[in-house]
Asks: 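Before anything else, here's the structure in question.
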Amino acid sequence: MKMWNRVLLGFITAVIIAAVPSAAFADAVEGEVTVTLGEDLSEEQRSSLLEEMDVTEDVEVVTVTNEEEHDYLGEYMDASDIGSKALSSSKITAGQEGEGINVETNHITKVTEGIYANTLVTAGIEDADVYITAPFDVSGTAALTGIIKAYEIQNDIDIPEEQKKVANEEMVKTSELGERIGMEEATELITRIKEEIGDQPVESEEDLRDLIERIANEMGIELTDEEMNGLVSLFNRMKDLNIDWNQVQDQITHIRDNLDEFLNREDTQSFISSFLDFINELIDSLRSWFGGENEST
């Protein structure tokens, strides 16, 4: 049971890990939907994705170009990795204040749901249900550009360019680190760094480096010099965004409370109980099998 709690806590805490002063969808009506579509989709692919998202042709659509994707990702990724076509698309539904960000993906191979959620909050987006998809397996890097663009249009605001750049840098650095150490581990590392900064803000680059190294060591992660320098650079840039680190702590507290409520629900307990019963039966079977084999030898 403790292991189950830790798995769920690690995943859910990774979903919302930072806060910025802007209020998400401040001018949007709850339930309002905006769709982003990659410019290079064929008409057939476009229609299929709209059907998949369960929206009609008259929904507000924001088009994302490959040029825009290169503008925001070109500093952090090779052009060949970004690709020459914008295909990943998304549906953003404004939620109630305090709901947080919920992300679901389909056909996205490079960026996980937790990484999307982290970077969307860094970009200033909160309280939204986000569905990200493509006509076939793609990296998904174009989607973040589209969601931020849709948020600006929906709320009639301009998110600072530096904030957009940092969000994209975070997405790239987290996913690249995740390819080496595991996506969940990389997302949790970023989460814990932000959590610690929220609890006790760092004053210098040396303090930041020490904090990152300590947390990585606690998690059993050995960062390369390049990875360490990249994370120090990323979080130094975040400091310049005036992120409200106190609100980071508040959001994590809410996540933990929501987790406790989820774990105590009757249907959750029933599932966990059934799952653990299955595992126990499996272990008993294996023990009997291997035990019998040992006796015969």
Side-chain angles (χ1 to χ4, degrees), residues 15 24-25 27-74 76-95 99 101-159 161 164-165 167-168 171-172 175 183:
V15 173
F25 290 98
D27 298 326
V29 179
E30 181 186 346
E32 184 175 348
V33 173
T34 302
V35 166
T36 73
L37 294 175
E39 183 182 47
D40 298 301
L41 293 167
S42 68
E43 283 301 318
E44 181 180 355
Q45 290 169 337
R46 175 189 172 101
S47 297
S48 177
L49 290 183
L50 290 175
E51 182 179 354
E52 179 186 331
M53 296 178 193
D54 194 25
V55 295
T56 58
E57 290 282 353
D58 60 355
V59 71
E60 182 174 10
V61 173
V62 176
T63 301
V64 183
T65 69
N66 185 247
E67 181 181 2
E68 289 172 316
E69 187 180 0
H70 279 268
D71 285 343
Y72 287 108
L73 293 169
Y76 320 114
M77 295 180 66
D78 290 337
S80 59
D81 291 330
I82 300 172
S84 59
K85 293 183 178 181
L87 297 170
S88 50
S89 305
S90 63
K91 172 185 175 182
I92 307 97
T93 306
E99 269 190 358
I101 293 178
N102 298 296
V103 180
E104 182 181 355
T105 63
N106 181 43
H107 286 308
I108 303 299
T109 61
K110 189 175 181 65
V111 187
T112 66
E113 294 169 350
I115 293 175
Y116 274 125
N118 288 350
T119 53
L120 288 173
V121 175
T122 299
I125 298 175
E126 300 174 9
D127 303 327
D129 292 325
V130 181
Y131 179 74
I132 304 163
T133 187
F136 47 81
D137 286 354
V138 299
S139 69
T141 51
L144 181 62
T145 300
I147 294 167
I148 295 174
K149 185 177 179 180
Y151 173 79
E152 290 181 302
I153 293 172
Q154 192 170 44
N155 292 274
D156 193 25
I157 63 169
D158 292 319
I159 295 174
E161 288 298 306
K164 298 178 190 176
K165 292 279 189 179
N168 278 278
M171 177 184 69
V172 173
S175 60
M183 291 299 177

Asks: So which atom in Ile101 and which in Asp127 form the shortest heavy-atom distance, rounded to 0.1 Å?
Replies: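 Taking every non-hydrogen atom into account, CG1-N, 4.0 Å.
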Asks: A side-chain contact here means heavy atoms from C-beta on lying under 4.5 Å apart; do Ile108 and Tyr116 qualify?
Replies: yes
Asks: Can you check side chain to side chain contact (heavy atoms under 4.5 Å, CB included) on Tyr131 and Thr93, steps first, answer last?
Replies: CA-CA 9 Å; Tyr131 179 74; Thr93 306; over 6 Å; no
Asks: Check side-chain contact (heavy atoms from CB on, under 4.5 Å) between Thr112 and all other residues, then give those that pass, not counting sequence neighbours.
Replies: Ile115, Met183, Thr187
Asks: Which donor-acceptor pairs under 3.5 Å do the side chains of residues 81-92 make with protein atoms, sequence neighbours left out?
Replies:
from, atom 1, to, atom 2, distance (Å)
Ser88, OG, Ala143, N, 3.1
Ser89, OG, Gly38, N, 3.2
Ser89, OG, Leu87, O, 3.1
Ser90, OG, Thr36, OG1, 2.5
Lys91, NZ, Met53, O, 2.9

Asks: So how far is it from Leu73 CG to Asp78 CG, rounded to the nearest 0.5 Å?
Replies: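 So the CG of Leu73 and the CG of Asp78 are separated by 11.5 Å.
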Asks: If every non-hydrogen atom of Val29 is compared with every non-hydrogen atom of Ala94, which pair is closest and at what distance?
Replies: O-CB, 3.5 Å
Asks: Main chain of Val138, side chain of Thr109: is a donor-acceptor contact present, judged purely on distance under 3.5 Å?
Replies: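 Checking the backbone N and O of Val138 against the side chain of Thr109, a donor-acceptor pair under 3.5 Å is found.
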Asks: What distance do Glu126 atom CD and Glu99 atom CD have between them, rounded to the nearest 0.5 Å?
Replies: 12.5 Å
Asks: Can you tell me which residue pairs pass the salt bridge (Lys or Arg N to Asp or Glu O under 4.0 Å) test with a partner in residues 115-125, sequence neighbours excluded?
Replies: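 Every candidate salt bridge (Lys or Arg N to Asp or Glu O under 4.0 Å) pair involving residues 115-125 fails, so no pair, neighbours aside, qualifies.
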Asks: Rounded to the nearest 0.5 Å, how far apart are CG of Asn102 and CD of Glu113?
Replies: 10.0 Å
Asks: Return the OH to OG1 distance between Tyr72 and Thr145, rounded to the nearest 0.5 Å.
Replies: 7.5 Å
Asks: Give me the atom names and distance for the closest heavy-atom approach of Ser175 to Val172.
Replies: OG-O, 3.0 Å
Asks: Over all heavy atoms of both residues, which pair between Ala123 and Ile148 is shortest? Give the atoms and the distance, please.
Replies: CB-CD1, 3.8 Å
Asks: Test of understanding: with side chain to side chain donor-acceptor pair (under 3.5 Å), list the residues that count as partners of Glu68, not counting sequence neighbours.
Replies: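 Glu68: side chain to side chain donor-acceptor pair (under 3.5 Å) contacts with Thr65, Lys149.
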Asks: Do Thr34 and Tyr151 come within less than 4.5 Å of each other through their side chains, counting heavy atoms only?
Replies: no
Asks: Using the salt bridge (charged side-chain N to carboxylate O under 4.0 Å, His left out) criterion, which residues pair with Lys164? Sequence neighbours excluded.
Replies: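 Here the qualifying residues are Glu152, Glu161.
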Asks: Apply the test side chain to side chain contact (heavy atoms under 4.5 Å, CB included) to residues Ile125 and Ile147: give CA-CA distance (whole Å), side-chain angles for both, the deciding distance (0.1 Å), then the verdict.
Replies: CA-CA 9 Å; Ile125 298 175; Ile147 294 167; 3.8 Å; yes
Asks: If you round to the nearest 0.5 Å, how far is CG of Asp71 from NZ of Lys165?
Replies: 6.5 Å
Asks: Are side-chain heavy atoms of Phe136 and Gln45 found at a separation under 4.5 Å?
Replies: yes
Asks: Any salt bridge (Lys or Arg N to Asp or Glu O under 4.0 Å) involving residues 35-64? Give me the pairs, sequence neighbours left out, ordered by first then second residue.
Replies: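 Listed once each, the pairs would be none.
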Asks: How about Thr119 and Asn168: do any of their side-chain heavy atoms sit closer than 4.5 Å?
Replies: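 A side-chain contact under 4.5 Å is absent here.
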Asks: Give a yes or no on whether the backbone of Val64 and the side-chain of Glu69 come within a donor-acceptor separation of less than 3.5 Å.
Replies: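 Between the backbone of Val64 and the side chain of Glu69 there is no qualifying donor-acceptor contact (under 3.5 Å).
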